[in-house]
Engineer: 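My questions will all concern the structure given below.
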Amino acid sequence: MPYALREALAAFRRTPVLTGLSSAMVALALFVTGLFGLATHNIRRAIEQVEQRVEIVAYIRDDAGRAEVAVAEDEIRALPEVLEVRYFSKDDALEVARRELPEFQEILAGVDVNPLPASMEIQLRPGSRTQENVSALVARMSAYPFVEEVRYGREWLDKVFLMRRVGAAAAGVLGSGFAVAGVLIVGTAVRIAIFARREEIQVMRLVGARDSFIRGPFLLEGLLTGLMGSLGAAALTYVTYVTVRYSLFNVAWIPGAWVGGGIAVGALLGVLASLISVRRYLEGA
Amino acid sequence: MPYALREALAAFRRTPVLTGLSSAMVALALFVTGLFGLATHNIRRAIEQVEQRVEIVAYIRDDAGRAEVAVAEDEIRALPEVLEVRYFSKDDALEVARRELPEFQEILAGVDVNPLPASMEIQLRPGSRTQENVSALVARMSAYPFVEEVRYGREWLDKVFLMRRVGAAAAGVLGSGFAVAGVLIVGTAVRIAIFARREEIQVMRLVGARDSFIRGPFLLEGLLTGLMGSLGAAALTYVTYVTVRYSLFNVAWIPGAWVGGGIAVGALLGVLASLISVRRYLEGA
Amino acid sequence: MIKLTNVSKEYPRRGLALTDVSFHVRKGEFVFLTGHSGAGKTSTLRLIHMAERPTSGEVRVSGFSSERTRDSEIWKLRRKVGFVFQDFRLLPHRTASENVAFALEVTGAPRREVRMRVQRLLTQVGLSAKAEAYVHELSGGEQQRVAIARALATEPLVLLADEPTGNLDEFATRGIIDLFRDINRLGMVVVTATHDLGLVRSYPDARVMEMKEGTIVYDSARLE
Amino acid sequence: MIKLTNVSKEYPRRGLALTDVSFHVRKGEFVFLTGHSGAGKTSTLRLIHMAERPTSGEVRVSGFSSERTRDSEIWKLRRKVGFVFQDFRLLPHRTASENVAFALEVTGAPRREVRMRVQRLLTQVGLSAKAEAYVHELSGGEQQRVAIARALATEPLVLLADEPTGNLDEFATRGIIDLFRDINRLGMVVVTATHDLGLVRSYPDARVMEMKEGTIVYDSARLE
Ligand SMILES: Nc1ncnc2c1ncn2[C@@H]1O[C@H](COP(=O)(O)OP(=O)(O)OP(=O)(O)O)[C@@H](O)[C@H]1O
Ligand SMILES: Nc1ncnc2c1ncn2[C@@H]1O[C@H](COP(=O)(O)OP(=O)(O)OP(=O)(O)O)[C@@H](O)[C@H]1O
Ligand SMILES: [Mg+2]
Ligand SMILES: [Mg+2]
């Protein structure tokens, strides 16, 4: 085993309190980020589910020919951003109205021609539910001569889009706040731990150690502290996830890439913080 | 100035790096909690705004006497949980329907008797918008002989209540996660700082200092570190709040009591962590 | 004043450091404790100071017994027993006078008195010029003298001095030991651990105890 | 080998610690540096070790000049100059042999060789039995001998020993100084700062330099 690694591992044996506390601190700092990741990921999923209901409804003139509508239906269905197109005849519409609008039942019963129009309902693909796509499709539909009016729940949809923007902004602000705080906490923890060992660093210099030789074990120690802390954070987050899932409500686990990224970041931070601190104490003595 | 305070202040002069890093750590840990508080408070406010729209609508028989309805209206208005009661006549209803349901315009135009019922809309007071209150009020309204049907947007309202529960649970889980992590980070930071001074503690004992005498300055130092950290956290949170408010979207500042509570908690934690650590090193030597 | 009865001390990984040590030092005595490096001098002094407890046997110091004194009461003993540590044990980041003052502040002495006493003590050990120097700004011998001044600060009944002149020149050494003698004449028991046999010889009326491998092999008081 | 030319050293808050010190120590010399506590012995050795830079004047050691050697190069000098620190400066939480081994590991010596050399060195200073004891488990004199073994580990060209026998008894002291003499005969320059005039007198062929208030007031080499 090379010297640096041997020494780095020995540090955990020599000052278990110090290295234990620092790893715990790293774990807690990243746990905060992990919790936030869990929350963000699930909020994002929830918004996506709401967005699924984005649909555009084109009301069709009573005098439109069924064939002409069917052609348009196929055209629309072929568009890359469209997920699904469904046709509702005038009878379908009456059925739905009867079921869903009981207060008009009497009126509708008393009328002998069906006053409701046929319609076409279009759903967009998950990645394509943007405001631009919706507007473009609405314009395209309106252009068909047999279309009387196009509706797409403008108000509601605008709210969903706003929600998405606010959500993204909030996640951005909170996320970067948490991330910065986490990074600084990790860095500070490692730096305090090295502060407690500054005299050792100075003795090493006095005995003829090159800076790179001294730095090696400390960097590795930072790496290990960061790594242990990140793994601890991942474990803590997972325990929280499982607890919430089985006792409160159904949440989804963070994507694996986030977890991996978080662990890598923790380890990297440990190294960086060590580097900064060790350099500081190498400049003395 | 008493000895303990003098010594505690001197610690900041003697080991500025150590005390600076610890305070910074406390600030960051509580900043995380502050950010979370900011988010929670604003989400809660948003849900409250949605809840404001909780209303119960009682449709009134066409054969009901206006006087009898007016009496009921006053009775309802007198209930403590009720904020407002508004009466809509049959004509008002027709007006609204014409405006808001264009696809039925033709039908409604063709009918010569107004098929829409009069109604009474009831809003609850902010604190009283619970599922129980709504159910009770619905039951009470249904009991009036002139009431044909009571509606209260059951589905939508259930969603709001669900949202509130989920929000509260999420805030609970995340909040306690963040709080626990914050508490532990603060504690660990102070403990590492005291670890770096454990030899000093032992020397003090060897020179004849009572434990309480040694503890005093360390507890005060913990208090000051916690206090400085909390104030730093409050400042960081406020800066974030101002930044978000002027560059992204309108958010509300956390209630003063939360801020005060957070600062008190930070200070208290500093003291507690010192207490635990100092005791630990007092047991040695 | 100090009485060790069949005291043994065993360290966890290292076996017996002291084996069956017994001696009695009475009020007013001036004792040199000698012996090779590793003989057990420091261990003996630490037992008297109750920084360690004996593995077996009893240590009694000025009414405190190692068997009955609770950890939380040891501070009372420490105020009666001054200790010049072999490795000084000064508080870092503090000045010479702050270090000496600390031993007095601990007892709740009023600040004015503390100031006066500290000044007098530093003058006695020849350091008045360095009162405001921080510990890391002092030479080895200067640090040692701060440690001596601190041990004397509370006017203890017993002074335990562990190699108190290892970093001092002959002249300063005589000054310090003469100071110890003077205070000893006022009643303070002094136990000085030292390797410096020349020093021991120059105080022929002092009691001398020699240790070897954790036992007392010679005690001039027992010959009388 | 060591040449100081008009060296002065001023500490920030404390004024001049050394004033216009000049001397030249040649290959093979054995030097005692004496002087009262605070005279400037440690300061002089630290300048030679380049742990401090002179405020004015030049220090030259084995081809390294205090004026030209960069901080990042000092490690090269340190491997040629062994230093026994007055306060030992051992690495805490490590055993005696780990401390000695460290000075060799630093140079990239193969592990087997390190092990063998460490064992030989500890035997030479009389500590082979304590090789696996942690620093805090060693007595004062034992720690000092670990520091000595470490300073000799790299077979330096120059040995700076600051009060290397302050915690050792007469017998151990002679053993250590004789060890220094033996290695000195093989070519190593030895500069020992000490207060122990008895020791100095017992090596009449050694060069003696005496310091007082930051200057060299006596140099036996200059009398010849
Ligand atoms: N904490 C400890 N753990 C284990 N062994 C110890 C401990 N302290 C001392 N020893 C051992 O006990 C023996 C006696 O040590 P002590 O410090 O009493 O010697 P000493 O007479 O003071 O020596 P010196 O003159 O070198 O200071 C030594 O062999 C030492 O290694
Ligand atoms: N870092 C420093 N800052 C300020 N003053 C210092 C510093 N180091 C040493 N001094 C002062 O310089 C003078 C010489 O110190 P030095 O350590 O060289 O003495 P010394 O001859 O080794 O004494 P001793 O025999 O007591 O070890 C002393 O008065 C000391 O207080
Ligand atoms: Mg000793
Ligand atoms: Mg010195």
Side-chain angles (χ1 to χ4, degrees), chain C residues 11-15 17 34-46 85-88 90 95 125-127 129-130 132-145 162-173 175-176 193-200 210-212 214, chain D residues 11-15 17 34-43 45-46 85-88 90 95 125-127 129-130 132-145 162-173 175-176 193-201 210-212 214:
Chain C
Y11 289 110
R13 295 164 12 99
R14 296 276 127 199
T34 66
H36 290 304
S37 173
K41 302 181 292 298
T42 301
S43 299
T44 304
L45 297 184
R46 281 172 62 77
F85 301 95
Q86 194 170 8
D87 50 359
F88 316 154
L90 299 176
T95 65
V125 297
L127 270 188
K130 298 276 174 183
E132 298 315 317
Y134 285 95
V135 167
H136 71 268
E137 297 173 340
L138 296 173
S139 80
E142 288 162 355
Q143 289 184 24
Q144 189 154 44
R145 284 178 282 165
D162 196 358
E163 207 71 56
T165 58
N167 289 277
L168 296 178
D169 53 274
E170 257 169 297
F171 177 77
T173 298
I176 294 298
T194 183
H195 302 111
D196 190 346
L197 296 185
L199 181 68
V200 174
E210 189 185 335
M211 298 194 73
K212 194 169 179 181
Chain D
Y11 288 109
R13 292 160 17 95
R14 295 277 125 198
T34 67
H36 289 305
S37 174
K41 301 180 293 298
T42 301
S43 299
L45 297 184
R46 281 171 62 79
F85 302 97
Q86 193 168 9
D87 50 359
F88 317 153
L90 299 177
T95 64
V125 297
L127 270 189
K130 299 276 174 184
E132 299 315 318
Y134 284 96
V135 167
H136 71 268
E137 297 172 341
L138 296 173
S139 80
E142 287 162 354
Q143 289 185 23
Q144 189 155 44
R145 284 177 282 164
D162 196 358
E163 207 71 58
T165 58
N167 288 278
L168 295 180
D169 52 274
E170 257 169 297
F171 178 78
T173 298
I176 294 297
T194 183
H195 302 112
D196 189 345
L197 296 184
L199 181 68
V200 174
R201 279 180 224 117
E210 190 185 333
M211 300 194 71
K212 194 170 179 182

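Within every chain, numbering begins at 1; the chains are lettered A, B, ... in the order of the sequence lines, protein sequences first and strands thereafter.
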Engineer: Would you mind telling me which of Gly198(C), Gly140(C), Ala133(C) has the largest number of heavy-atom pairs within less than 4.5 Å of chain D?
Structural biologist: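 It is Ala133(C).
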Engineer: Looking at every heavy atom in both Arg13(C) and Glu132(D), which two are closest together, and how far apart are they?
Structural biologist: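 For Arg13(C) versus Glu132(D), the nearest heavy atoms are NH2-O, 2.9 Å.
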Engineer: Report which part of Tyr11(C) has an atom under 4.5 Å of a heavy atom belonging to chain D: side chain, backbone, both, or neither.
Structural biologist: neither
Engineer: Do you know which of Thr42(D), Thr173(D), Asn167(D) has the most heavy-atom pairs with chain C at a distance under 4.5 angstrom?
Structural biologist: Asn167(D)
Engineer: Using a 4.5 angstrom heavy-atom cutoff, name the option from Glu142(D), Lys130(D), Gln143(D) with the most pairs to chain C.
Structural biologist: Glu142(D)
Engineer: Please name the pair of heavy atoms, one in His36(D) and one in Asp169(C), separated by the smallest distance, quoted to 0.1 Å.
Structural biologist: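 It is ND1-OD2, 3.0 Å.
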Engineer: NE2/His136(D) to CG/Asp87(C) distance, rounded to the nearest 0.5 angstrom?
Structural biologist: 13.0 Å
Engineer: Of the backbone (N, CA, C, O) and the side chain (C-beta and beyond), which part of Ala193(C) lies under 4.5 Å from a heavy atom of chain D, both, or neither?
Structural biologist: neither
Engineer: Quick one: of Arg145(D), Glu163(D), Glu137(D), Glu170(D), who has the most non-hydrogen atom pairs under 4.5 Å with chain C?
Structural biologist: Glu137(D)
Engineer: Which atoms of Tyr134(C) come close to chain D, meaning under 4.5 Å heavy atom to heavy atom: side chain ones, backbone ones, both, or neither?
Structural biologist: both
Engineer: For chain D, which candidate among Ser139(C), Gly35(C), Ser43(C) shows the most heavy-atom pairs at distances under 4.5 Å?
Structural biologist: Ser139(C)
